[in-house]
Amino acid sequence: QKFVKIKTKEFENGKEVIREEPFRVYDNMAESFVGYKEKVSAPRYDAIRQAKNEDEYLTAIQNSYYASDPLYAKKTIDIKNRYANLIPKD
């Protein structure tokens, strides 16, 4: 798998640090979705498959240590809600 090292904010022992971490590189968006699906198929992500909505999913993925930011779910939910009016309603 190809990757690129990028400086990123991580949280260690409650403190924000800047580290250079490897991130996978994909040739197209479809490959990135397959890669994400493979990543979250690991048993540590089992809770996401029980989520009943987007907010539960984001909280479950945070609790599965997908990201080190303790506010990952809150921040992501806030972004989702900010742009929710751009999604057409049925």
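- With sequence neighbours excluded, the residues that form a side-chain contact (heavy atoms from CB on, under 4.5 Å) with K7 are I18, E20.
- Applying the side-chain hydrogen bond (donor to acceptor under 3.5 Å, both in side chains) criterion to K9, with sequence neighbours excluded, gives no partner residue.
- The side-chain hydrogen bond (donor to acceptor under 3.5 Å, both in side chains) search around D55 returns K80, not counting sequence neighbours.
- By the salt bridge (Lys or Arg N to Asp or Glu O under 4.0 Å) test, R82 is found to be paired with no residue, residues two or more places apart in sequence or in another chain being considered.
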Would you give me the side-chain donor-acceptor pairs under 3.5 Å for residues 28-40, sequence neighbours excluded?
from: N28; atom 1: OD1; to: A30; atom 2: N; distance (Å): 3.1
from: N28; atom 1: OD1; to: E31; atom 2: N; distance (Å): 2.8
from: E31; atom 1: OE1; to: D27; atom 2: N; distance (Å): 3.1
from: S32; atom 1: OG; to: M29; atom 2: O; distance (Å): 2.6
from: Y36; atom 1: OH; to: Y57; atom 2: OH; distance (Å): 2.5

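- The two residues F11 and E16 make their nearest non-hydrogen contact at CZ-OE1, 3.6 Å.
- Taking S64 as the reference, nothing meets the side-chain hydrogen bond (donor to acceptor under 3.5 Å, both in side chains) condition, with sequence neighbours excluded.
- Using a 30° and 60° split on the angle between ring planes, Y66 and Y45 fall in the perpendicular class, above 60°.
- The other residues sharing a hydrophobic cluster with L86 are I79, Y83, where clustering joins ILVMFWY side chains under 4.5 Å apart.
- Legend: residues meeting side-chain contact (heavy atoms from CB on, under 4.5 Å) with D78, ordered by chain and number and at least two apart, are K74.
- Partners of E21 under the salt bridge (Lys or Arg N to Asp or Glu O under 4.0 Å) rule, at least two apart in sequence or in another chain, are R19.
- Taking a 4.5 Å side-chain heavy-atom cut-off between Ile, Leu, Val, Met, Phe, Trp and Tyr, the cluster of F23 extends to V4, I6, V25.
- Under the salt bridge (Lys or Arg N to Asp or Glu O under 4.0 Å) criterion, R24 pairs with no residue at all, not counting sequence neighbours.
- For the atom pair CG (N63) and CD (E56), the distance works out to 11.5 Å, reported to the nearest 0.5 Å.
- Under the side-chain contact (heavy atoms from CB on, under 4.5 Å) criterion, F3 pairs with K5, P22, not counting sequence neighbours.
- Checked by atom type and distance alone, the side chain of Q62 pairs as donor or acceptor with a backbone atom of P70 at under 3.5 Å.
- When all heavy atoms of I77 and L58 are compared, the pair lying nearest together is CG1-CD1, 3.6 Å.
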